[in-house]
Protein chains: 2
Amino acid sequence: MSLPHAILTALLEKPSSGLELTRRFDRSIGYFWSATHQQIYRELGKLEKAGLIRALPTDSPTRGQKKEYEVLASGREELERWVAGQDEPRDPRDPLLLRLRAAGVVGVGDGLLEELRRHRELHAARLAEYREFQRRDAARGHGTERDRVQGLVLQGGIDLELFWVNWLDKAIDGLAVPGTAS
Amino acid sequence: MSLPHAILTALLEKPSSGLELTRRFDRSIGYFWSATHQQIYRELGKLEKAGLIRALPTDSPTRGQKKEYEVLASGREELERWVAGQDEPRDPRDPLLLRLRAAGVVGVGDGLLEELRRHRELHAARLAEYREFQRRDAARGHGTERDRVQGLVLQGGIDLELFWVNWLDKAIDGLAVPGTAS
DNA sequence: CCTCATTGTGCAACTTGTTGCATAATGAGG
DNA sequence: CCTCATTATGCAACAAGTTGCACAATGAGG
């Protein structure tokens, strides 16, 4: 039950159409919870039917016509309720860990080593991107609670990518030269 | 397409029945990729139909009767093929990050702070558990490739929990005393 | 031997996420 | 004005994961 709340959050920050939301997910929110445009449109429909958001009125009908949504009071309340809720930590569910574990059984091939290096670079790139965000944010203020919270979330992203880069370095190192002493 | 391969890996390590697999998922593999018994039984059925595993022959029929599965040659090949494959890193998809981001918009309540502390303790407990595994493994050998690979996977789990504990400490610290200096 | 908790397997229905395609409006270029 | 790429919304079908329940065997205790 996270996607609708992710959408409510995004719409509270700025009312948007489905496609705008999709693009914003590709940039910011989607780094933590990605979604395709299909999921987003479907969820927008549900949220509207549930009376949590509404489409800003336009003249012409719908198809192929931009439709902007804004969050209603009940939507904001629902989000507040959700924020105060709980759930259990999820397993990381990254296939790479599983793949490595499987490689322990059927043998590590060159393909896997290459894949680890590739992921290392992807995570390093993501890390650089986040640090750029952080640099930009530092220029602007940190006054409001909102700024500080978003800074923490971003820090979480950075720390997580740091984990990946560092662990992948260990893993690559540990696998590259199996029986050799340096 | 990860669950079938997780199952193949587990069955290669040790042929098992559905329930045994479920229990093993609750302990080791499931830390990275959890699955309910339903998913496992369904997947075992598919894998058997696909000719990648087979049920070890028994006398009596099936219902409520333990059925052990073992991996066939084609199953092992499939797993080897998969290990050499690729996929893209997934987003972390942890609701807690989303929740915090939403809190940036609708305001951080006491409930959330408590939730962060709770998660911190859960991750710390998991970390302790992993370190216990590591201590036990260190007692046994590290000779084979398999041992070294499993050590790396475990190290990944440890580093990941370390990330959570450290970041949650930062987050709790950053939210607990909003406007106060020290 | 009968009941009942436990072990073990499984179906059905639902939710969430993915993939491929269809369709409508709009504006730029020939 | 006609075509065509782009923007924008959406349906349908599928795959993956979750939840709730049903049912069969087994062995222990009354």
Side-chain angles (χ1 to χ4, degrees), chain A residues 1-8 11 15-26 29-30 32-50 53-69 82 87-95 98, chain B residues 1-8 11 15-26 29-30 32-50 53-69 82 87-95 98:
Chain A
M1 297 294 296
S2 290
L3 181 58
H5 301 100
I7 290 176
L8 286 173
L11 286 181
S16 307
S17 68
L19 197 59
E20 279 168 355
L21 270 182
T22 305
R23 300 228 165 101
R24 291 175 58 199
F25 265 74
D26 284 345
I29 310 172
F32 304 111
W33 200 284
S34 65
T36 63
H37 70 119
Q38 303 296 354
Q39 273 180 281
I40 288 169
Y41 281 120
R42 212 196 314 174
E43 210 59 55
L44 283 171
K46 280 192 205 169
L47 288 169
E48 187 177 24
K49 201 178 293 174
I53 63 176
R54 65 158 188 168
L56 293 177
T58 40
D59 34 358
S60 45
T62 54
R63 194 75 181 225
Q65 193 85 348
K66 197 150 96 173
K67 220 194 298 184
E68 288 244 307
Y69 288 96
W82 179 76
D87 37 16
E88 301 321 303
R90 311 257 309 112
D91 37 282
R93 235 178 180 68
D94 191 303
L98 221 50
Chain B
M1 297 295 295
S2 291
L3 181 59
H5 300 100
I7 290 176
L8 287 174
L11 286 182
S16 306
S17 68
L19 197 59
E20 279 168 354
L21 270 181
T22 305
R23 299 228 164 102
R24 291 175 59 199
F25 266 74
D26 285 344
I29 309 172
F32 303 112
W33 200 283
S34 65
T36 63
H37 69 119
Q38 304 296 354
Q39 275 179 282
I40 288 170
Y41 282 120
R42 212 190 320 167
E43 210 59 55
L44 283 172
K46 280 192 205 168
L47 288 169
E48 187 178 25
K49 200 178 294 173
I53 63 176
R54 66 159 188 168
L56 293 178
T58 40
D59 33 0
S60 44
T62 54
R63 194 74 181 225
Q65 194 84 349
K66 197 150 94 171
K67 220 194 298 184
E68 288 243 308
Y69 289 95
W82 180 76
D87 37 15
E88 301 319 303
R90 313 257 308 112
D91 37 282
R93 234 176 180 69
D94 191 303
L98 220 50

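Letters go in sequence order (proteins before strands), and every chain restarts at 1. On a predicted model such as this, the values are computed, not experimentally measured, just so you know.
- One can place NZ of A:K67 at 15 Å from P of C:dA24, the figure rounded to the nearest angstrom.
- B:I7 is listed as a side-chain neighbour of B:F25, based on a closest heavy-atom distance under 4.5 Å.
- Nearest-nucleotide assignment on DNA chain C puts the 5′-proximal partner with B:L19, out of B:L19 and B:R90.
- For A:E20, the salt bridge (Lys or Arg N to Asp or Glu O under 4.0 Å) partners at least two apart in sequence or on another chain are A:K66.
- The separation between A:M1 atom CE and C:dC14 atom P is 16 Å, rounded to whole Å.
- Taking atom OH of residue B:Y69 and atom C1' of nucleotide C:dG8, one finds them 12 Å apart after rounding to whole Å.
- Look at D:dG30: its Watson-Crick or wobble partner, with both distances under 3.5 angstrom, is C:dC1.
- When the salt bridge (Lys or Arg N to Asp or Glu O under 4.0 Å) test is applied to B:R54, the partners found at least two apart in sequence or on another chain are B:E70.
- Residues from residues 36-49 of chain B placing a heavy atom under 4.0 Å of any atom in DNA chain C, listed by number, are B:H37, B:Q38, B:Y41.
- Remark: A:W33 engages no residue in a ring pair (Phe, Tyr, Trp, His ring centres under 6.0 Å) (not counting sequence neighbours).
- The line from CD of B:Q39 to CG of B:L44 is 11.5 Å long, rounded to the nearest 0.5 Å.
- A:L21 has its CG atom 17 Å from the P atom of D:dT7, to the nearest Å.
- Look at CH2 on A:W33: it is 10 Å from P on C:dT18, rounded to the nearest Å.
- For B:D91, the side chain to side chain donor-acceptor pair (under 3.5 Å) partners at least two apart in sequence or on another chain are A:S34, B:R93.
- Counting non-hydrogen atoms under 4.0 angstrom, B:S17 reaches the backbone sugars and phosphates but no base.
- Taking atom CG of B:L56 as the reference point, atom P of C:dT9 lies 12 Å away to the nearest angstrom.
- With sequence neighbours left out, A:E48 forms a side-chain contact (heavy atoms from CB on, under 4.5 Å) with A:I53, A:A55, A:Y69.
- Between A:I7 atom CD1 and D:dT9 atom P there is a gap of 13 Å when expressed in whole angstrom units.
- Side-chain nitrogen and oxygen atoms of A:R93 include at least one within less than 4.0 Å of the OP1 or OP2 phosphate oxygen of D:dG17.
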